[in-house]
Amino acid sequence: GEGLVELRAAIAAHRTHLVESGELEVRRRARTETRIRDVVERELRRRAWADATAREHLASGPDRVVGGDETPYSVAAEIVNGLMRGESRE
């Protein structure tokens with residue numbers, strides 16, 4: 001096709017620029033950090049909702065919020081604090 005040689009040359013030049021400037025390494029590290037964060041968040045979410053105590057707080061939380069005794073943030077803090085203190089049950 002037309003322009004393919006030029007396109008390939010532009011891509012190669014861009015890659016060379018990224019490598020030489022160190023930008024390729026910066027981008028790779030950023031992508032890797034994002035992947036690690038995603039894996040940690042997914043595992044924390046899995047562990048949190050596998051915990052019986054956290055599920056109990058979640059089940060009772062909406063009634064307490066609607067009743068004006070709690071806020072979504074206070075219920076969430078209760079769940080997180082319980083998990084962090086190791087007050088969990090499978």
Side-chain angles (χ1 to χ4, degrees):
E2 282 186 43
L4 235 97
V5 172
E6 292 85 2
L7 177 60
R8 286 187 182 137
I11 290 170
H14 182 62
R15 182 174 182 6
T16 298
H17 167 72
L18 291 176
V19 169
E20 290 175 356
S21 69
E23 182 64 21
L24 183 63
E25 181 68 22
V26 169
R27 291 180 183 189
R28 281 182 176 163
R29 289 183 60 78
R31 272 195 314 273
T32 300
E33 181 179 321
T34 297
R35 283 189 199 125
I36 292 167
R37 285 178 185 267
D38 289 345
V39 170
V40 169
E41 289 172 5
R42 194 169 39 250
E43 180 62 14
L44 288 172
R45 193 171 28 256
R46 185 196 66 75
R47 287 184 185 196
W49 301 129
D51 179 75
T53 303
R55 288 192 315 269
E56 288 168 7
H57 288 301
L58 178 63
S60 67
D63 290 336
R64 292 182 287 147
V65 171
V66 171
D69 299 321
E70 300 277 352
T71 68
Y73 298 99
S74 65
V75 173
E78 183 178 69
I79 293 168
V80 170
N81 291 334
L83 291 166
M84 298 299 290
R85 286 190 303 263
E87 300 170 355
S88 60
R89 296 187 343 258
E90 296 288 325

Give every residue pair that meets the salt bridge (charged side-chain N to carboxylate O under 4.0 Å, His left out) criterion with at least one member in residues 62-71, sequence neighbours excluded.
Arg64-Glu70, Arg64-Glu78
Could you tell me the separation between the CZ atom of Arg27 and the OG1 atom of Thr32, rounded to the nearest 0.5 Å?
14.0 Å
Taking all atoms of both residues into account, what is the closest heavy-atom pair of His57 and Val75, and its distance?
O-CG1, 3.9 Å
If you compare all heavy atoms of Ala48 against all heavy atoms of Ala54, which two are closest, and at what distance to 0.1 Å?
O-CB, 3.3 Å
Close side-chain approach of Asp51 to Leu83, heavy-atom, < 4.5 Å:
yes
Between the side chains of Glu41 and Arg45, is the shortest nitrogen-to-carboxylate-oxygen separation below 4.0 Å, so that they form an ion pair?
no
Atom pair OG1/CZ of Thr53 and Arg85 - distance to nearest 0.5 Å:
10.5 Å
Once rounded to the nearest 0.5 Å, what's the spacing between atom CZ of Arg28 and atom CG of Leu18?
9.5 Å
Between atom CG of Leu44 and atom CZ of Arg37, what is the distance when rounded to the nearest 0.5 Å?
12.0 Å
Is atom CZ of Arg47 surrounded by more than 12 heavy atoms (other residues, nucleotides or ligands) closer than 6.0 Å?
no
Euclidean distance, Ile36 CD1 relative to Glu33 CD, rounded to 0.5 Å:
7.5 Å
Could you check if a side-chain atom of Val65 sits within less than 4.5 angstrom of a side-chain atom of Tyr73, using non-hydrogen atoms only?
no
